[in-house]
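Below: the structure, in structure tokens.
In what follows, every chain begins at residue 1, and chains take the letters A, B, ... in the order their sequences are listed.
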There are 2 protein chains.
Amino acid sequence: MTIVLRSDDMRRRNRLRIIQIVRRGGTVSRGEIAQAATLSPATVSTISSELIVEGVLIARSAETGPSAGRGRPSTSLSVNPQFCHAVLIILKIGAVNVAIVDYAGTVIAREHFHLDMANVTMEDFRDTLITEIRQTWNASGLAAGQLARISIGIQGTTDIAGLRLLRSPMTPLTDIPVAFWLEEEFGVPVRLANDCDLIARALNWRDPERYSDNFAAILLAHGVGMGLFLRGQIINGTRSSGTEFGHMLHQADGALCRCGSNGCIEADAGDYAITRRYRGKPVNATPQSHVEPVEIIRIAEAARAGDALAAETFASAGRALGTGLAGIFALVDPFRIAFVGHGAAAFDLMEPALREVLKNSNASAASNIPIDLYVDEMPLVFEGCGIGALLEIDATQADRVGETSKP
Amino acid sequence: MTIVLRSDDMRRRNRLRIIQIVRRGGTVSRGEIAQAATLSPATVSTISSELIVEGVLIARSAETGPSAGRGRPSTSLSVNPQFCHAVLIILKIGAVNVAIVDYAGTVIAREHFHLDMANVTMEDFRDTLITEIRQTWNASGLAAGQLARISIGIQGTTDIAGLRLLRSPMTPLTDIPVAFWLEEEFGVPVRLANDCDLIARALNWRDPERYSDNFAAILLAHGVGMGLFLRGQIINGTRSSGTEFGHMLHQADGALCRCGSNGCIEADAGDYAITRRYRGKPVNATPQSHVEPVEIIRIAEAARAGDALAAETFASAGRALGTGLAGIFALVDPFRIAFVGHGAAAFDLMEPALREVLKNSNASAASNIPIDLYVDEMPLVFEGCGIGALLEIDATQADRVGETSKP
DNA sequence: CCTATTAATTCGAGCCTCAAAAAAAATCGT
DNA sequence: ACGATTTTTTTTGAGGCTCGAATTAATAGG
């Protein structure tokens with residue numbers, strides 16, 4: 001009865017630790033959990049049976065099959081897929097992707113809608129979102145109580161709490177209270193996150209060896225964005241989210257950027273910058289509002305076929321990116337970079353110039369940082385959005401300590 | 001007897017919390033501690049009497065004097081100055097400052113030695129340091145067992161653990177294992193830290209309201225350095241310490257920097273950059289190795305008296321600083337800056353240009369960030385070094401839970 | 001069918017925090 | 001002067017939590 005507020009801290013943290021070990025491991029025995037969490041078997045036994053009663057975990061008894069030797073076989077624990085579900089929404093230019101994942105992360109449903117955010121009112125946007133979520137949810141046949149959370153990935157910056165979409169290249173609307181709308185409508189926590197942050201989170205989850213403490217994911221698309229991990233934590237603004245890497249100044253009085261400034265990295269490395277330069281337009285020409293990814297690929301092919309202007313265009317992009325990175329590497333030591341998005345398909349053309357700039361910078365050791373490429377960004381954005389939602393649910397559930405006795 | 005390794009986590013953290021509340025408060029009653037720590041009076045009573053037995057805290061009984069009304073008067077607790085002492089060392093160009101502080105932070109002794117680090121061997125450096133520490137310690141009359149820690153502030157970068165001085169503008173030596181030397185000699189933990197980080201730490205300690213989660217201290221001296229706090233934590237390299245703000249590139253093919261690169265912020269804003277430009281030398285001229293601070297002050301006075309070249313020199317420095325800051329503010333939202341060092345005495349001359357650059361950057365909201373000035377950096381470096389050492393000792397002491405029963 | 005072996009649970013001890021009660025140490029009022 | 005009042009601190013007992021050790025469960029091998 002007495003709700004102890006502080007001293008259950010230990011139990012809360014151990015609950016979370018166990019949930020996350022199981023989530024990462026997929027199916028693990030109690031003994032393995034004990035080892036991974038450096039807890040005693042006794043404690044793991046107590047907590048995990050609580051979590052099973054709560055429905056968070058399930059024991060998949062003798063599924064091991066052909067047994068593994070003598071002795072009592074271990075029973076594997078897994079996250080219970082049916083515990084709850086999350087709705088994921090990825091807003092892209094012109095499109096809304098809605099997905100439903102179960103508590104184990106499996107995609108249950110997925111819908112694609114068209115939406116021209118460039119020409120839409122606040123009210124329409126709100127109503128459209130709600131309608132499309134409802135439609136997807138209803139089609140899935142899940143009960144309303146099964147919805148635990150809504151997570152949204154967007155291009156643009158949100159407030160630090162992830163409740164409002166402050167501004168986005170997708171729309172002239174600003175300060176859109178998306179999370180409030182949906183929380184009111186669906187009665188569950190709703191959070192927005194920047195797509196680049198989600199990509200970084202996905203990489204961190206997929207391959208924690210490679211993408212652990214310090215790394216960045218750079219999205220090369222129409223614009224240039226960055227998701228940055230330092231010391232294992234996503235770094236974003238102090239008042240708003242999103243590291244605006246694309247808008248770091250790399251050249252005074254440089255090319256004209258979408259944002260109205262001159263000399264942003266994006267203004268030399270974004271899609272519109274590539275086409276602008278390749279078509280011989282002046283660097284101050286108004287940026288195109290949209291470029292088909294194919295065009296970039298085509299220009300890359302031209303460059304590889306010996307087109308000097310195309311080659312120089314990508315080299316210029318590489319220098320812009322390198323200059324920006326050099327600036328960051330002056331503040332924190334060089335780290336691994338993942339280039340993501342269709343621009344990554346042309347990275348071979350940017351790489352020499354990029355590394356050359358790094359080599360000539362103060363942090364010349366940065367010139368041989370490891371770089372990985374992921375051309376298709378959508379799977380990563382989805383995955384990051386999903387894992388983010390699930391980890392938040394885990395934390396919520398870990399907090400609900402001592403509720404086993406009731407139901 | 002059974003040394004519990006994990007489950008004492010709670011007690012350990014509460015011990016630390018109490019020590020730090022007392023350290024910050026100076027003299028606080030148990031009741032006030034309970035409130036500040038959101039612990040019950042019972043717990044505070046137990047822990048604080050333990051800490052008194054250990055000698056960490058002392059009860060200063062009825063020192064309140066003329067009483068404060070009815071009821072049992074509260075007894076104030078303070079950090080016990082005699083609990084232990086720390087040696088602080090600040091290495092400046094040509095000089096070694098050694099100080100001894102007691103556990104309450106009071107400076108007990110302070111010595112100043114000359115040392116030309118530019119022309120010294122590893123062995124000489126080691127022997128000199130040890131001799132000077134010994135000399136200062138012996139003169140203080142303290143017992144050997146009273147030494148708990150040695151903290152060292154330096155210009156330059158250290159490894160992430162603060163054990164080695166990787167490189168410093170003060171000396172051609174590199175990778176100097178300073179901490180190992182002194183730990184071996186004195187048998188206590190030794191840590192090195194970058195002077196700018198120490199300045200930032202000092203500001204954070206002095207005025208946590210103003211300098212809390214996100215701010216930077218920028219040292220304007222011969223070079224330009226930065227101590228950066230993000231989310232309440234010092235940010236420095238992932239493999240080495242020190243944010244090399246001064247070596248961020250702000251202009252491709254710009255002025256020649258000490259480091260050999262071109263276009264570093266320092267190469268337009270450091271002392272040597274000011275004198276170089278004011279004396280009409282080309283921006284590629286080899287940097288002076290030392291500039292008397294008075295010279296900078298004199299050039300500033302000339303600028304204020306109407307000297308156009310002097311004014312432009314400082315404006316140029318302001319632009320360099322502004323460009324660097326704009327880059328950082330693209331990654332994390334704008335925050336408060338403290339300019340420290342004799343360069344801050346000329347900040348009025350740099351400010352318009354600096355704010356102008358910020359205003360024209362993508363993060364134009366950054367143009368009115370609050371800026372504070374501290375012309376004399378040494379008190380801040382010392383304070384930061386001292387509080388850093390004491391907080392580390394606190395943490396060590398908090399770990400020694402359950403040792404009350406023995407002595 | 002019994003034994004060896006490994007996994008998981010149960011049990012009791014030892015900490016830790018907390019609320020409530022008790023003790024301590026002042027002032028106030030008559 | 002001295003008990004009543006007030007405020008702070010300590011003591012006491014209860015309830016949680018984790019852990020080691022003992023116990024129970026579940027399998028393979030002979």
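- Of the listed nucleotides (C/dC16, C/dC18, D/dA21), C/dC16 has the atom at the smallest distance from the side chain of B/Val401.
- Across D/dT10, C/dC18, C/dC11, the shortest atom-to-atom separation from the side chain of B/Thr43 is found for C/dC18.
- Taking atom CG on B/Asn14 and atom P on C/dC15, their separation rounds to 17 Å, with Å as the unit.
- For the ring pair (Phe, Tyr, Trp, His ring centres under 6.0 Å) test, no residue two or more places apart in sequence or in another chain qualifies with A/Phe186.
- When the salt bridge (charged side-chain N to carboxylate O under 4.0 Å, His left out) test is applied to A/Glu32, no partner is found at least two apart in sequence or on another chain.
- With 3.5 Å as the limit, one finds no donor-acceptor pair spanning the side chains of B/Ser76 and B/Arg60.
- Distances were taken from every side-chain heavy atom of B/Ala42 (C-beta onward) to each of D/dT9, D/dG20, D/dT11; the shortest belongs to D/dT11.
- Between A/Arg11 and A/Glu50 a salt bridge is recorded (basic side-chain N to carboxylate O distance below 4.0 Å).
- The existence of a salt bridge linking A/Arg191 and A/Glu392 is excluded, since no basic side-chain nitrogen approaches an acidic carboxylate oxygen closer than 4.0 Å.
- Atom CZ of B/Arg11 is separated from atom C1' of C/dG14 by 13 Å (rounded to the nearest Å).
- Checked against side chain to side chain contact (heavy atoms under 4.5 Å, CB included), A/Gln20 has the following partners two or more places apart in sequence or in another chain: A/Leu16, A/Leu391, A/Asp394.
- Scanning for salt bridge (charged side-chain N to carboxylate O under 4.0 Å, His left out) contacts around B/Asp102 gives an empty result, with sequence neighbours left out.
- Ring to ring, B/Phe335 and B/Phe215 are not that close: their centroids are 6.0 angstrom or more apart.
- Between the C1' atom of D/dT18 and the CZ atom of A/Arg17 lies a distance of 12 Å, rounded to the nearest Å.
- Rounded to whole Å, the distance from CG on A/Leu16 to C1' on D/dC17 is 17 Å.
- B/Leu77 has its CG atom 14 Å from the P atom of D/dT8, to the nearest Å.
- Of the residues in residues 25-36 of chain B, those lying under 4.0 Å from DNA chain D by heavy-atom distance are B/Ser29, B/Arg30, B/Gly31.
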Please produce a list of atom pairs where a protein N or O lies less than 3.5 Å from an N or O of nucleotides 3-6 of chain D.
unit_1	atom_1	unit_2	atom_2	d
D/dT5	O3'	B/Arg70	NH2	3.4
D/dT6	O2	B/Gly71	N	3.4

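- OP1 or OP2 of C/dA7 has not a single side-chain nitrogen or oxygen of A/Thr75 nearer than 4.0 Å.
- Following rounding to the nearest Å, A/Ile47 (CD1) and C/dA8 (P) show an atom-to-atom distance of 15 Å.
- Regarding A/Arg15, its CZ atom lies at a distance of 13 Å from the C1' atom of D/dC17, rounded to whole Å.
- Between A/Ser74 and C/dT6, a side-chain N or O to OP1/OP2 separation shorter than 4.0 Å is absent.
- Under a 4.0 Å N-O distance rule, the pair B/Asp9/A/Arg13 qualifies as a salt bridge.
- B/Arg12 places its CZ atom 12 Å from the P atom of C/dC16, with the value rounded to the nearest Å.
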